Trainee: 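First, the structure itself, so that you have it in front of you.
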Amino acid sequence: MDNSGYSEIGNSLLHGLNRQSAGTGDKQDKAGFGEGRLTSFEAVIGLEVHSQLLTKTKMFCSCQNIFGKEPNSMVCPVCLGLPGAIPVINLEGVRLAVKAALALNIGINKKSLFARKNYFYPDLPKGYQISQYLDPVSSNGYLTIETDGVKKQIRINRLHIEEDAGKLIHIGNESYVDLNRAGTPLIEIVSEPDISSAKEAACYLKELRDILVYLDISDGNMEEGSFRCDANISVRRKGDKKLGTRAEIKNVNSFKFVEKAIDYEIGRQINVILSAGNVLQETRLYDPKENVTKPMRSKEEAHDYRYFEEPDLPPLILDAEFIEEAKNSIPELPQAKRKRYANEYALTSYDCEVLTQNKKIAYYFEDLIKANAVNNKGKVEIKKISNWVINDLLFALKTVENQRGSKENDMPEPEDFLNLMLEVTAGNINKNSGRIVLTEMLLTGKKPNDLIKENNLAQVSDDKGLEDLIKLVLDENPKELADLAGGKDKLLGFFVGEAMKKTKGKANPKKVNEILKRLINSRTRGPDGI
Amino acid sequence: MDLSNLTIHQINDLLKYREVKSVDITNSYIKRIKEVDPVVSAYLYNDFEEALSNAADADKIIQKNKDFPYLTGIPLSIKDIFLIKGKKTTCASKILDNFISPYDSTVIRRLKENNYVFLGKTNMDEFAMGSSTENSAYKITKNPYDLNRVPGGSSGGSAASVSSDLCAGSFGTDTGGSVRQPASLCGVVGLKPTYGLISRYGIIAFSSSLDQAGVIANDVLDAAIMLKAVAGFDEKDQTTRKFEIKDYPEIVKKADKSAMKGLKVGIPVEFFSEGLDPKICSRIMEIKELLKDLGADIVDISLPDTKYSVAAYYVIATSEASSNLERYDGIRFGSRFSKDEGVQTLDELYRKTRELGFGKEVKRRIILGTFALSAGYYDAYYKKASLVRKLIIKNYKDSFNDVDIILGPTSPTPAFLIGEKMSDPLSMYLSDIYTISVNLAYLPALSLPVGVIDNPTKKGGVLPVGLQLISPWATEARLLSVAKIIEDEVKFRQKYSAKI
């Protein structure tokens with residue numbers, strides 16, 4: 001079968017279909033493995049990642065590439081697979097694929113071919129998927145990942161262009177076909193089996209997604225299926241040269257499940273070998289509810305996709321100019337950003353990681369730094385800006401998201417945010433009020449100073465007023481004061497809290513502490529102090 | 001006045017000088033279709049209402065403008081493989097029995113822009129698979145020269161409709177000879193242009209790398225007129241090329257026999273070997289002599305790999321077809337079977353739909369093609385056939401270094417009897433032996449009626465003989481000009497007709 005050169009290499013997803021076999025699945029108790037027995041094995045993992053491309057139109061027709069419309073409303077003769085319809089290559093899709101390949105260090109093939117992958121399924125209107133097979137648009141690249149501080153290069157076999165299938169909607173006993181998604185541009189990125197653990201797999205996947213999202217190529221949404229992953233997994237005893245029999249795991253549709261599914265499968269295969277069984281070459285489906293993988297189809301039942309060159313399309317020829325343009329459109333990628341943040345701003349690797357996780361946040365952080373450099377009202381330390389972004393802005397964004405039920409929220413003007421930071425640094429408002437103002441800025445778009453005034457948030461810092469208040473607190477709580485004097489130092493916090501309550505949080509906590517200590521000393525130890 | 005035995009250019013003259021109206025012409029054809037087609041069965045269906053409405057529209061345009069496109073008001077028949085918006089398109093298959101097209105093919109769009117008159121859809125072999133039109137799921141079309149004989153195929157309905165004056169011209173498709181062979185068997189002109197000259201968008205695919213729309217016409221000038229109307233790049237079909245579209249009708253009108261002087265005409269030895277009817281051979285040889293007399297240089301050439309062309313063709317065409325026909329799966333086309341009809345699972349739905357929807361020959365080719373593309377067989381069949389295709393392309397390329405045009409018979413036999421070859425697919429496949437290599441090489445070729453031979457089964461009857469001219473890539477102007485010169489000498493149309 002394999003001597004044809006046409007064995008199954010690009011075995012893609014069944015696009016979220018639950019074609020589960022009737023088998024019950026072989027559950028096993030992972031906890032039953034002895035650590036020592038586990039560590040005498042190693043896993044060999046390769047990932048096949050599919051990502052939809054954020055093009056305006058579909059890959060082979062001019063229908064809009066858009067999610068969430070009325071079923072079968074975004075269709076035309078081509079993506080419906082009507083008799084006589086012929087595909088036309090969307091160059092924007094090609095451009096995005098080339099851009100992704102370049103970002104992943106994958107070599108671009110100036111001539112590539114489209115191929116038909118033939119199989120029957122109701123969500124596949126033509127009875128074949130247009131893909132690339134023997135001559136993909138790009139091949140041979142790598143992605144560097146870092147797990148637990150160790151760097152590793154994962155080789156990438158190829159990145160090719162293809163089209164997505166439609167969707168089946170099952171209602172009761174009936175199934176409906178929605179072809180809005182049919183023809184959506186996809187890239188498939190096939191790694192070499194260089195991945196050795198579930199953790200590495202998750203890291204590779206995350207890195208890959210970050211890059212595609214940064215490049216505006218993908219929205220990276222695993223839950224909605226625009227970013228999907230199949231894993232080819234085998235295990236062998238350490239030191240063995242020969243690869244074990246692999247199983248392909250499908251339906252791993254969230255980042256959370258990638259590690260779980262792979263870990264489960266590694267454990268399952270080791271268990272099979274330890275109980276003197278044979279791992280079968282098969283396709284298995286991950287069931288997140290039970291956290292198991294279940295057999296879907298065996299090697300014998302595998303499709304023969306009968307790949308051949310797509311006769312409706314000419315070879316895809318890319319000139320140097322096209323590739324150069326794609327190259328120039330690649331922005332700084334997350335890995336490079338992290339390195340630069342660490343070097344230029346002396347931020348911790350944790351800070352760098354969080355700041356670059358989301359492109360919007362990273363770009364905003366950079367905007368803040370630029371605005372800070374020219375802000376004539378004062379300068380904020382970069383570490384402080386980073387802290388504000390990581391601790392406060394992300395929190396405030398979450399709050400606003402929850403309130404509005406939308407992720408599309410404008411960031412504050414960088415200058416406004418910086419001014420807010422300056423207000424806090426100067427002690428004009430306390431940190432807690434700062435957070436409140438930040439959330440209000442996101443919600444209302446108002447300036448920080450206006451919000452401070454409107455909400456009467458300016459810190460109560462005048463000593464006389466505060467002292468009176470704190471005296472009152474001490475008077476009201478004689479028992480606690482006595483206990484404090486008796487050595488229960490923790491009660492100091494109680495008094496600070498009570499004092500803050502009285503000022504509705506507006507007091508400068510530092511001042512409160514100072515005054516409190518002084519008054520307590522005078523009351524408990526007498527006027528002379530110690 | 002019978003207006004139904006005219007050529008397109010004759011009708012155009014009459015319309016231009018306001019001697020007749022398109023509606024009159026159209027009515028003549030309608031009358032004749034009603035009389036004759038029950039016997040010939042060229043059409044799968046007619047749409048006379050549409051025809052008369054098209055004709056009335058054309059008459060308005062003619063009234064208003066002095067200059068109007070050549071095909072304005074010309075009644076044409078269309079092979080039932082071209083999609084026409086709002087009209088049934090079956091490809092002569094049960095599986096598309098209820099398919100109404102929601103869009104126009106590019107050919108039809110261009111014909112509409114030329115204000116043509118749509119008379120109806122013509123019969124064909126199911127999904128264009130066949131050489132006799134006997135593979136239609138609906139009816140058997142008769143050869144107008146002998147109703148016991150086939151019109152050829154797969155565009156048999158189109159050829160018969162032109163031959164028996166049931167339209168002024170017809171559009172067909174040619175994957176391995178499907179325009180030229182029926183034209184030859186019915187005594188009319190059949191032109192298959194260079195692959196990529198006419199858009200395939202909206203033409204039901206049989207074999208995408210071989211399919212090409214073609215024209216079937218009463219004479220060479222008509223073929224040139226029809227080609228000009230539909231040829232040219234189409235952004236909806238990336239296999240179309242940005243060829244320069246010449247004014248073929250004007251070129252043909254100016255064709256003069258003096259141009260034959262010094263023209264190098266290649267005679268491939270492989271086209272005159274075993275299997276060729278000796279009477280056809282002698283008709284073709286007469287043309288060779290005629291060209292010699294006109295001053296052409298006759299050059300014996302060899303296309304050594306011709307013997308592999310049928311094998312290569314049947315691997316490539318069936319492989320592509322097996323994929324192209326996967327969309328007919330019962331989900332959107334064909335009858336939807338229910339549980340009561342014994343269909344419980346998706347797999348059963350596929351099986352039953354395709355079992356009942358496809359005819360025998362279509363199934364045979366799907367199985368052949370599926371096998372040829374299977375893992376483990378791909379190298380031995382599809383890949384090998386693709387390599388043979390490259391050899392055949394090279395054969396022609398080499399030959400065209402030495403000659404300007406190639407000449408031979410279109411078909412090894414005249415029209416055969418209905419049923420004669422149905423039980424022997426291989427002999428049926430061999431009826432395209434001279435036409436197939438042209439599709440494999442993406443070349444233009446034309447079948448021209450050049451004479452007749454006696455009909456052995458009909459006393460006093462004759463059967464037409466077609467001459468095939470093959471010219472280099474994208475040289476339709478040369479092809480049509482040479483054909484026109486031969487046509488003027490032979491005067492087939494003046495001498496012979498189907499007499500039906």
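In the text below, chain A, chain B and the rest are named by the order of the sequence lines, each starting its count at 1. These figures come from a predicted structure and were not determined experimentally.
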Trainee: Are the side chains of B:L346 and A:Y121 in touch, meaning some heavy atoms are under 4.5 Å apart?
Mentor: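 Side-chain contact under 4.5 Å: yes.
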
Trainee: For B:R364, does the CZ atom have more than 12 heavy-atom neighbours from other residues, nucleotides or ligands under 6.0 Å away?
Mentor: yes

Trainee: If I compare all heavy atoms of A:D304 with all of B:S374, which pair ends up nearest, and what's the gap?
Mentor: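 It is OD2-CA, 3.4 Å.
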
Trainee: Would you name the heavy atoms of B:F99 and A:P83 that are closest together and state the gap between them?
Mentor: CZ-CD, 3.8 Å

Trainee: Name the region of B:T370, side chain, backbone, both or neither, that has any atom closer than 4.5 Å to a heavy atom of chain A.
Mentor: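 Both parts, heavy atoms under 4.5 Å.
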
Trainee: Using modelled atom types and a 3.5 Å cut-off, is there a donor and acceptor pairing between side-chain atoms of B:E326 and backbone atoms of A:N118?
Mentor: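 A pair under 3.5 Å: no.
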
Trainee: Once you measure the plane-to-plane angle for B:Y350 and A:F120, does it fall in the parallel (<30°), tilted (30-60°) or perpendicular (>60°) bin?
Mentor: tilted

Trainee: When heavy-atom pairs shorter than 4.5 Å are enumerated against chain A, which of B:L325, B:I81, B:I203, B:D211 gives the highest number?
Mentor: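 Option with the greatest count: B:I203.
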
Trainee: Go through the atoms of B:S323 and report whether side chain, backbone, both or neither lie under 4.5 Å from a heavy atom of chain A.
Mentor: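 For B:S323, heavy atoms of backbone and side chain both lie under 4.5 Å from chain A.
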
Trainee: Do A:R306 and B:Y378 have a side chain donor and acceptor closer than 3.5 Å?
Mentor: no

Trainee: Answer whether the closest heavy-atom distance between the side chains of A:R116 and B:S208 falls below 4.5 Å.
Mentor: yes

Trainee: What's the spacing between A:L82 CG and B:L83 CG if we round to 0.5 Å?
Mentor: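 The CG atom of A:L82 sits 8.0 Å away from the CG atom of B:L83.
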
Trainee: If we define contacts as heavy-atom pairs under 4.5 Å, which of B:D329, B:N324, B:L96 has the most with chain A?
Mentor: B:N324

Trainee: Can you tell me which portion of B:Y328 sits under 4.5 Å from chain A's heavy atoms? Options are side chain, backbone, both or neither.
Mentor: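 Side chain of B:Y328 only, per the 4.5 Å heavy-atom cut-off to chain A.
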
